Amino acid sequence: MSYIYAVSRLRGMENHILDSAFFSRLMDSAGIDEALKALGETSYSQWLTGTATGSASFDKAIDSEILATCEELEKFVPDKELLTIFRLPYDFHNVKVLLKGLFKVRGGDTEGRRYDLLSKLGTIDTEELTNAIETEEYGFLPYGLTDVIPQCWQLWDSTKNAQAVELLLDHQMFKAMLNVAESLKMPDVIQWVKFKIDAENLRSAVRLARMKYDSSKALPFFHEGGTIRADDMARLLNEPQETWSRILSYTDIGSVLGALNEQSDMKAALSDVSKALDDYLMKVLERAKYSMDSPANVLLYLLTKEAEARNMRVALVCVAGGLDREFGRRLLTNGR
């Protein structure tokens, strides 16, 4: 199926993506009123009009912009499953929110439910998902949730370990993303999902190494399906971090580690590593820019828009809360 028309539409929409110069100006705002004035020149203004200036209001406004973007793309993208790959993690986020709330309720906390944390960006209607989980009617749920949610309950009942439940859901999320990608039979998209799994596994490896976590117990923290086997990722914990780039030199993600080592960032804040991995996943898709018929351009646009939203959130929270602007600049992703 030709993507020439869809890519042409995306090229036009790219002209409205906010660049690094805008976020630099936003971060330099004297206060929230000045920041909101700057936003008056962008598409975000329609969602922020009349809202309060708290982080929760910013989150809702930013999510509204991303949702509107997805709805616009649905009108002309031939394969809707490309949007599913992008939106599916938000479905699993919502499942986590709902299950954690029910865990608290069953533990005696009647105020445990946090419906305000649910995201509209998932593919499953939040009211339908809430009703399904609270009534234990999982039969219609996609992405393997029908089977994995009962497993979550069994795990919680036996361990009361919320982190283990999250890991179980994350395993299923990446499996579902890979299944959707493989159903499309688009090599670039399949490869990107595999690289995304690698990036998440590497992020976990860095986190566990800093915790000096026992490598013999680390395997459950790593997801299958990437280009690097989960047990190979777990074995990294037995090696000094400065050698990881050499050990993974045969992989695509090894270059990221090499760059981090040169900057000594592997021993810096985890946020620096996460930012580098987010940038890496963007660059993987940037190869699609050279093709006017590559479906990967759809994912690239969505990720660029998501990076823009993340930068918007960081900048607004810093300005509204009077937080350290230099630290905020370090968190900004290279979206455009």
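Model, not experiment: these values are computed from the prediction.
- Using a 4.0 Å cut-off between charged nitrogen and carboxylate oxygen, E200 and R203 count as a salt-bridge pair.
- Using a 4.5 Å heavy-atom threshold, the side chains of D79 and P295 count as separate.
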Full working for side chain to side chain contact (heavy atoms under 4.5 Å, CB included) between E308 and N311: CA-CA 5 Å; E308 175 190 86; N311 288 344; 5.8 Å; no

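- By the criterion of side-chain heavy atoms lying less than 4.5 angstrom apart, applied directly or through intervening Ile, Leu, Val, Met, Phe, Trp or Tyr residues, V7 is not grouped with Y290; the two fall into different hydrophobic clusters.
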Show the atom names and distances, to 0.1 Å, of all donor-acceptor pairs under 3.5 Å that link a side chain in residues 177-193 to residues at least two apart or in another chain.
residue	atom	partner	partner atom	Å
N179	ND2	K175	O	3.3
S183	OG	V180	O	2.6
W192	NE1	L281	O	3.2

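- Within a 6.0 Å sphere centred on NZ of K37, other residues, nucleotides and ligands contribute 12 heavy atoms or fewer.
- Across every non-hydrogen atom of Y138 and E136, the tightest pair is OH-CG, 3.4 Å.
- Taking SG of C70 as the start and CG of L83 as the end, the distance is 6.0 Å to the nearest 0.5 Å.
- Contact of the K120 side chain with the Y90 side chain is not registered, since no non-hydrogen atoms from C-beta on lie closer than 4.5 Å.
- Residue-environment remark: CD (E127) stays at or below the threshold of 12 foreign heavy atoms within 6.0 Å.
- When side chains are defined from C-beta on, R329 counts as touching M27, because their heavy atoms get closer than 4.5 Å.
- For Q172 against G144, the heavy-atom pair with the smallest separation is NE2-CA, 3.5 Å.
- Summarising the geometry of A35 relative to V319, their closest heavy-atom pair is CB-CG1, 4.1 Å, with the distance given to 0.1 Å.
- For R87, the side-chain hydrogen bond (donor to acceptor under 3.5 Å, both in side chains) test picks out E74, with sequence neighbours left out.
- The main-chain N or O of L121 is found under 3.5 Å from a side-chain atom of S119 such that the two form a donor-acceptor pair.
- A donor-acceptor contact shorter than 3.5 Å links the side chain of S158 to the backbone of Q154.
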Intermediate values then yes/no, salt bridge (charged side-chain N to carboxylate O under 4.0 Å, His left out), K305 and E14: CA-CA 9 Å; K305 193 68 179 177; E14 284 173 359; over 6 Å; no

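- Minimum interatomic distance between D324 and C318 (heavy atoms only, all atoms of both residues): O-SG, 4.1 Å.
- A heavy-atom distance below 4.5 Å is found between the side chains of V273 and R210.
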Stepwise side chain to side chain contact (heavy atoms under 4.5 Å, CB included) check, T130 with N94: CA-CA 9 Å; T130 300; N94 288 341; over 6 Å; no

Working for side-chain hydrogen bond (donor to acceptor under 3.5 Å, both in side chains), residues Y143 and T123: CA-CA 11 Å; Y143 316 132; T123 65; 2.7 Å; yes

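- For residues 302-324, no pair satisfies ring pair (Phe, Tyr, Trp, His ring centres under 6.0 Å), with sequence neighbours left out.
- With respect to the salt-bridge test (charged N to carboxylate O, under 4.0 angstrom), the residues E72 and R9 qualify.
- Atom-to-atom distance recorded for Y301:OH and K289:NZ is 12.0 Å, nearest 0.5 angstrom.
- Using modelled atom types, no side-chain atom of K212 and backbone atom of A209 make a donor-acceptor pair closer than 3.5 Å.
- With L141 as the fixed residue, the side-chain contact (heavy atoms from CB on, under 4.5 Å) test singles out one of V95, V148, L129, D147: L129.
- No side-chain heavy atom of H223 sits under 4.5 Å from any side-chain heavy atom of M173.
- Nearest heavy atoms, A164 versus N161: N-OD1, 3.0 Å.
- Between F76 and Y5, the ring planes lie perpendicular to each other; the angle is over 60°, past the 30° to 60° tilted range.
- Checking side-chain atoms of S24 against main-chain N and O of A21 turns up no donor-acceptor pair under 3.5 Å.
- With values rounded to the nearest 0.5 angstrom, I149 atom CD1 is found 4.0 Å from I133 atom CD1.
- Checked by atom type and distance alone, the side chain of T243 pairs as donor or acceptor with a backbone atom of P240 at under 3.5 Å.
- Residue Y250 places its OH atom among more than 12 non-hydrogen atoms of other residues, nucleotides or ligands, all under 6.0 Å distant.
- Here the side chain of T42 pairs no donor or acceptor atom with the backbone of A38 at under 3.5 angstrom.
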K60/D116 under side chain to side chain contact (heavy atoms under 4.5 Å, CB included): CA gap, chis, key distance, verdict: CA-CA 10 Å; K60 289 180 180 179; D116 59 305; 5.6 Å; no

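- The CG atom of L10 lies 10.0 Å from the OH atom of Y3; values are rounded to the nearest 0.5 Å.
- Proximity of D63 to R313: side-chain heavy atoms (C-beta onward) are separated by under 4.5 Å at one or more points.
- When the shell of 6.0 Å around NZ of K104 is examined, it contains 12 or fewer heavy atoms from other residues, nucleotides or ligands.
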Residue pair W153, R106: steps toward the side chain to side chain contact (heavy atoms under 4.5 Å, CB included) verdict: CA-CA 11 Å; W153 275 112; R106 294 195 181 183; 3.6 Å; yes

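- Rounding to the nearest 0.5 Å gives a distance of 6.0 Å between NE2 of H93 and CG of L117.
- In this structure, Q46 contributes its side chain and S43 its backbone to a donor-acceptor pair below 3.5 Å.
- Side-chain contact check for S291 and D293: no donor-acceptor pair (N or O, by modelled atom type) lies under 3.5 Å.
- Counting heavy atoms from C-beta outward, L236 and D232 have side chains that stay 4.5 Å or more apart.
- To the nearest 0.5 Å, atoms CD (E306) and CD1 (I62) are separated by 11.5 Å.
- More than 12 heavy atoms of other shown residues, nucleotides or ligands fall within 6.0 angstrom of atom NZ in K160.
- Under the 3.5 Å distance criterion, the side-chain polar atoms of D198 are matched with a main-chain donor or acceptor of I228.
- The shortest side-chain heavy-atom distance between L145 and F140 does not fall under the 4.5 Å cut-off.
- Side-chain N or O atoms of R330 include none that pairs as donor or acceptor with a backbone N or O of R325 at under 3.5 Å.
- Hydrophobic clustering, with ILVMFWY side chains joined whenever heavy atoms are under 4.5 angstrom apart, keeps I4 apart from M13.
- Linking ILVMFWY residues whenever their side-chain heavy atoms come closer than 4.5 Å, directly or via other members, leaves L219 and M233 in distinct clusters.
- The hydrophobic cluster containing F23 also contains F327, counting ILVMFWY residues as joined when their side-chain heavy atoms lie under 4.5 angstrom apart, directly or transitively.
- Contact detail for I197 and F174: the closest heavy-atom pair is CG1-CD2, 3.5 Å.
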